[in-house]
Asks: 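Attaching a single structure in structure tokens format; questions to follow.
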There are 2 protein chains.
Amino acid sequence: MSTTQPHKKTSGAYRHGDLKKALLGAGLALARQGGPNAVLLREVTRQVGVVPNAAYRHYANQHDLLQAVRSAAMSALANAIESELAKLPSINDPADFARANLRAVGMGYLKFAQDEPGLFLTAFSVPDDLQGTAVPEKAGNSGLNPYQLLSVALDRLVDTGVLPNERRMGAEYLAWSAVHGLSMLFIDGPLRQLSPAQRQIVSQRLLDMVEKGLV
Amino acid sequence: MSTTQPHKKTSGAYRHGDLKKALLGAGLALARQGGPNAVLLREVTRQVGVVPNAAYRHYANQHDLLQAVRSAAMSALANAIESELAKLPSINDPADFARANLRAVGMGYLKFAQDEPGLFLTAFSVPDDLQGTAVPEKAGNSGLNPYQLLSVALDRLVDTGVLPNERRMGAEYLAWSAVHGLSMLFIDGPLRQLSPAQRQIVSQRLLDMVEKGLV
DNA sequence: TCTTTATGTGAACATTGTACACATAAAGAT
DNA sequence: ATCTTTATGTGTACAATGTTCACATAAAGA
């Protein structure tokens with residue numbers, strides 16, 4: 001017991017191990033509770049037990065750190081969708097399976113927005129300059145981001161003949177906008193007062209109408 | 001020239017006249033350019049040419065000021081929708097008119113989001129505590145807020161028999177979610193790269209599908 | 001004319017992000 | 001093994017922000 005065991009906090013806990021990941025984790029935890037505005041550089045470093053400037057060795061500035069948190073939040077959303085997809089029972093008819101697939105994506109999206117509003121808002125938060133975050137590259141476990149997961153679901157609908165190819169693009173926008181919009185309205189807008197049960201019903205109805213709109 | 005003319009800035013421009021409105025105006029201008037995060041109390045007072053603390057005579061704190069700006073931004077959205085409604089040509093068939101009405105509301109909403117992203121984001125910005133801003137009470141020129149304007153449009157659809165009454169609520173959520181979601185995706189999401197012309201087409205298609213989803 | 005009230009000013013403080021110089025641990029070179 | 005270099009965390013310092021308290025001054029009422 002003398003070579004390179006990590007000290008506690010005697011004189012200097014130098015070489016934190018993986019400070020970058022620790023900072024990201026703390027940032028995520030803050031975003032989870034308070035949304036993007038809660039990700040303060042000083043608070044993050046405080047939680048990790050390190051001096052504020054230590055963060056600058058791993059992130060260019062607060063903006064950069066927040067960007068990393070955003071990516072992680074987006075990954076969490078992708079994982080939630082994938083987990084919903086994994087719950088799908090086996091369905092024989094490929095067209096029905098494709099439909100169920102799309103619903104699962106939508107449901108995973110909506111559930112995540114309600115279960116983790118802080119992360120959801122962080123994932124889609126607009127950077128201060130009003131210009132940032134184009135397409136999120138960060139991906140979930142399967143390597144696909146939420147947009148790609150939706151895209152795959154629509155591919156299946158086209159392949160099985162449920163969705164005419166000409167309408168594919170419009171359908172993508174409709175499905176996406178509707179689900180994203182409802183998510184925001186659950187979190188922020190006047191639908192916040194609804195009980196979880198009511199939200200469940202509203203979500204189902206929305207997905208029904210999206211499906212109807214595709215045909 | 002001696003009674004009560006407003007001084008310039010000699011020794012004290014006391015009695016600003018209507019400082020509260022001036023602060024709100026400056027806050028709105030900042031929100032217009034930089035979104036909700038740009039509404040800094042000190043910057044607002046600086047623009048008005050007054051000391052930071054003067055704001056506290058009219059607003060409890062920064063949060064309160066931002067809330068006022070939010071309301072004003074929501075009013076601006078309502079006005080944009082109303083202006084779109086005003087452009088509607090006279091249509092004989094009441095059912096067609098009702099449909100055109102809904103489209104106008106959607107178009108006004110989408111246009112505003114693209115023309116004034118800063119105000120749009122401010123109107124729907126989530127307060128820091130993640131809990132605030134339930135239903136926006138603030139209204140446009142006609143005294144109706146955006147939600148009520150949509151509601152009126154749906155009323156017309158129900159009255160003319162286009163929309164079955166049982167589906168009214170679901171339709172409201174779909175229409176609203178779709179339009180709101182597309183707005184967000186234009187501003188923030190991956191649809192930001194689209195040209196104005198492309199956005200116009202996408203908007204039209206979305207409204208088509210919403211209409212289809214209602215039936 | 002005196003008093004009260006409303007409204008703006010001034011100085012001060014805690015907190016935030018960030019830049020600079022410095023310290024120390026690990027890795028490489030000789 | 002010793003020296004040098006690099007990576008990583010510390011300390012001090014500064015500007016900017018929101019906010020509080022005491023004070024100043026203009027307007028309104030008695």
Side-chain angles (χ1 to χ4, degrees), chain A residues 2-27 30-31 34-70 125 127-129 132, chain B residues 2-27 30-31 34-70 125 127-129 132:
Chain A
S2 61
T3 49
T4 329
Q5 56 193 354
H7 286 185
K8 299 226 163 189
K9 195 61 194 291
T10 50
S11 71
Y14 262 69
R15 296 305 113 107
H16 180 105
D18 198 348
L19 182 54
K20 183 163 190 174
K21 188 159 292 186
L23 293 171
L24 178 60
L30 289 173
N37 289 348
V39 183
L40 305 181
L41 188 145
R42 280 185 116 104
E43 180 63 28
V44 166
T45 57
R46 209 174 292 138
Q47 300 230 353
V48 176
V50 87
V51 97
N53 287 357
Y56 287 86
R57 298 291 172 190
H58 302 278
Y59 298 97
N61 47 37
Q62 187 202 20
H63 197 96
D64 193 32
L65 169 61
L66 181 55
Q67 184 67 27
V69 174
R70 254 195 283 268
S125 70
D128 293 344
D129 58 353
Chain B
S2 61
T3 49
T4 328
Q5 58 192 354
H7 286 186
K8 300 227 164 190
K9 197 59 193 294
T10 50
S11 71
Y14 264 67
R15 297 305 112 110
H16 180 104
D18 197 348
L19 182 54
K20 184 163 189 175
K21 188 159 293 189
L23 293 170
L24 178 60
L30 289 173
N37 289 348
V39 183
L40 305 181
L41 189 146
R42 281 185 115 103
E43 179 62 26
V44 166
T45 58
R46 208 174 291 138
Q47 301 230 353
V48 176
V50 86
V51 97
N53 288 356
Y56 287 87
R57 298 291 172 191
H58 303 278
Y59 298 98
N61 48 36
Q62 186 201 21
H63 197 95
D64 192 33
L65 169 62
L66 181 54
Q67 185 66 27
V69 174
R70 254 196 285 268
S125 71
D128 293 346
D129 58 354

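Lettering follows sequence order; numbering is per chain, from 1.
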Asks: Once you round it to whole Å, what is the distance between P of C:dT24 and CZ of A:Arg57?
Replies: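 To the nearest whole Å, that distance equals 15 Å.
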
Asks: Rounded at 0.5 Å granularity, tell me how far NE2 in A:His63 sits from CZ in A:Arg70.
Replies: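 If I round to the nearest 0.5 Å, the distance is 5.5 Å.
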
Asks: Considering residues at least two apart in sequence or located in another chain, which fulfil the side chain to side chain donor-acceptor pair (under 3.5 Å) criterion with A:Glu43?
Replies: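 With neighbours one apart ignored, the set is A:Arg46, A:Gln47.
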
Asks: Using a 4.0 Å heavy-atom cut-off to protein, can you give one letter per nucleotide of nucleotides 12-18 of chain C, 5' to 3': B if the base is in contact, S if only the sugar-phosphate is, - if neither?
Replies: ----BBB

Asks: With sequence neighbours left out, write down each residue that passes side chain to side chain contact (heavy atoms under 4.5 Å, CB included) with A:Lys21, or none if nothing qualifies.
Replies: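 Side chain to side chain contact (heavy atoms under 4.5 Å, CB included) check on A:Lys21 returns A:Asp18.
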
Asks: Could you state the atom-to-atom distance from CG of B:Asp64 to P of D:dT19 in whole Å?
Replies: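 Atom CG in B:Asp64 sits about 10 Å away from atom P in D:dT19.
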
Asks: Could you check how far CG of A:Leu19 sits from P of D:dG9, rounded to whole Å?
Replies: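 After rounding, the gap between these two atoms is 5 Å.
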
Asks: Tell me, please, which residues at least two apart from B:Ala54 pass side chain to side chain contact (heavy atoms under 4.5 Å, CB included).
Replies: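 Side chain to side chain contact (heavy atoms under 4.5 Å, CB included) list for B:Ala54, sorted by chain: B:Leu19, B:Val50, B:Val51.
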
Asks: Can you give me the closest heavy-atom contact between A:Ala55 and A:Leu23, atom names plus distance?
Replies: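 Looking at all heavy atoms of both residues, the shortest contact is CA-CD1, 3.8 Å.
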
Asks: What stems show up for DNA chain D when you take Watson-Crick pairs (N1-N3 plus N6-O4 or O6-N4) and G-U wobbles (N1-O2, O6-N3), both under 3.5 Å, and require three or more consecutive pairs?
Replies: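 DNA chain D stems, ordered by first number: C:1-30 with D:1-30.
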
Asks: Check the distance between D:dT17's P and B:Leu65's CG and give it to me in whole angstrom.
Replies: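 B:Leu65 atom CG is separated from D:dT17 atom P by 14 Å.
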
Asks: Rounding to a whole Å, what distance do you find between B:Tyr59:OH and D:dT19:P?
Replies: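 Value for this atom pair: 14 Å.
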
Asks: Only pairs at least two apart or in different chains count here, so list each side chain to side chain donor-acceptor pair (under 3.5 Å) that has a residue in residues 49-61 of chain A.
Replies: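 Non-adjacent pairs meeting side chain to side chain donor-acceptor pair (under 3.5 Å): zero.
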
Asks: Looking only at heavy atoms, what is the nearest atom pair of B:Ala22 and B:Val48, with distance?
Replies: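 Closest approach of B:Ala22 to B:Val48, heavy atoms only: O-CG2, 3.7 Å.
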
Asks: Think A:His58 has a side-chain N or O under 4.0 angstrom from the OP1 or OP2 of D:dA7?
Replies: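 No, outside the criterion.
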
Asks: Decide yes or no on side-chain contact (heavy atoms from CB on, under 4.5 Å) for A:Val44 and A:Leu30, but give the supporting numbers first.
Replies: CA-CA 8 Å; A:Val44 166; A:Leu30 289 173; 3.6 Å; yes

Asks: How long is the line joining CG of B:Leu23 and C1' of C:dT7, in whole Å?
Replies: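 After rounding, the gap between these two atoms is 12 Å.
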
